[in-house]
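Whatever order the structure lists ligands and atoms in, that order sets their numbers, starting from 1.
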Amino acid sequence: MKDSLRDRSKPRSRQMNRNPQPLFQPKQHDLPSINLQPMKTQIQLPILLLLLLQIACKQEVTDPLSTTYSPERSLKEAADFPVGLATQTWMLDMPQYSEILDTEFNSLTAEYEMKQNITHAGDGSYDWSATDQLLAYARDRDIRVHGHALLWHQAIAPWLEQFQGTDEAFADHVRTYIQEAVRRHADDVTSWDVVNEAFDDKGIWRNSLFLQRMGEDYVAQCFQWANEADSSVLLFYNDYGMIWDEDKLNAMLAMIDDFRNRGIAIHGVGLQMHIAYNWPNISHIQRAVDALVERDLLIHFSEVDIRVNPNGNRDHFTEKMAIDQQQRVEEIVHLYQSIPAHLQFGITFWGLRDTDSWLLGFWGNPDWPLLFDEQYRYKLAHKGFVEAL
Ligand code: XIL
């Protein structure tokens, strides 16, 4: 399989881009570009007809009427649990975007603007401008904010990444940052992803700067520091892979059990749901959910997007893809609904429109992974969500 879904250890853009910025992709045009030259011989007529037929067929399968629908209920009306959206503040100024956000979602996450590389400008200096804009938007509408993420190896403040001081001084900067962020937003942020993606594939500690500078206990320390700063904020560990890699799942569970034995506060786990219509197997998602339920942890299906072009060989969205995606969303939401209500922290979609998705830049392929198309039309995936409930 090209770009094997399982090989998350070598993502292209993660390795190249240590200061992630919003990803904007041009619209993928569906029609093949055909240069219609004057016909020199009659023999070319059948070829022309064939090409015209191909174009007609493509127009037929991409007809938005076959991949979209008119909703009767919004996501948040249908769900008993919070339904979240990852957003970028400039998008909040677009009337159509904000109208859908207000109608459909009751939880918000900053897609990248509350990460340390954006907010921690220097030793003792912070830039909370985007954070404040997002928090004000949410406050005005009574929308919950889930903070993402205090520590992520892909979003370390550049000055800290280059910090030449001792390991103790490095750890001290991490503590100061965590406590500043948590304290400053204690009234507005319900929950934080304290550490994001601390494990590598197969459940080995990721060899990040944090591991190198602070040692294996750094995750526990960060949770303790966050808890000291605000004992009422909900603290999450967030990662991908637990829903398909059993070793990684077990490593995370061992970490949580160890936290519990040592009295270190952890309230929930974010299972990043970057999935495809046909992968991973639902039983593997169930396995992770069961293990978390057993431990009485809040469960967040965080970062949901559903690829329909995982092999990267399709250039337009078809009715079949729309239906496959609808069924997949339905399956995931069904599973989520089976979680005891008090452990349902919510389901968060990683972007609104297909063209907003980070995946386009990450994999470099066309895909249509979200619930709305570029024109804000409701895709069948939305129907899958609502009808599962
Ligand atoms: C991504 C955002 O979507 C991009 O806009 C940003 O440039 C890079 O980060 N796992 C995570 C998220 O936990 O923070 C990542 O978000 C996607 C992968």
_Ignoring hydrogens and geometry beyond distance, is a side-chain donor-acceptor pair present between Trp358 and Asp305 at under 3.5 Å?_
yes

*Do Asp93 and Tyr137 have a side chain donor and acceptor closer than 3.5 Å?*
no

_For atom 9 (O) of ligand 1, the option (of Lys115, Gln154, Glu111) bearing the nearest heavy atom_ = Lys115

*Check whether the side chains of Thr348 and His300 place a donor and an acceptor atom closer than 3.5 Å, and report yes or no.*
yes

_Whether Asp172 and Arg175 form a salt bridge (side-chain N of Lys/Arg under 4.0 Å from carboxylate O of Asp/Glu) is what I want to check._
yes

*Check: Glu197/Trp152 side-chain N/O donor and acceptor closer than 3.5 Å*: yes

*Taking NZ, NE, NH1 and NH2 as the nitrogens, is one of them in Asp324 or Lys320 under 4.0 Å from a carboxylate oxygen of the other?*
yes

_With nothing but distance in play, are any N or O atoms of Gln272 less than 3.5 Å from an N or O of ligand 1?_
yes

*Could you tell me which atoms of ligand 1, counted from 1 in the order shown, lie closer than 4.0 angstrom to a heavy atom of Glu303?*
10 (N), 11 (C), 12 (C), 13 (O), 17 (C), 18 (C)

*For Trp152, take its heavy atoms, then give the atoms of ligand 1 lying under 4.0 Å from any of them.*
9 (O), 14 (O), 15 (C)

*Going by the order shown, which atoms of ligand 1 are within less than 4.0 Å of some heavy atom of Trp358?*
3 (O), 17 (C), 18 (C)

*What do you reckon, does Trp350 have a nitrogen or oxygen under 3.5 Å from a nitrogen or oxygen of ligand 1?*
yes

*Under 4.0 Å to a heavy atom of Asn196 - the qualifying atoms of ligand 1, by number*: 11 (C), 13 (O)

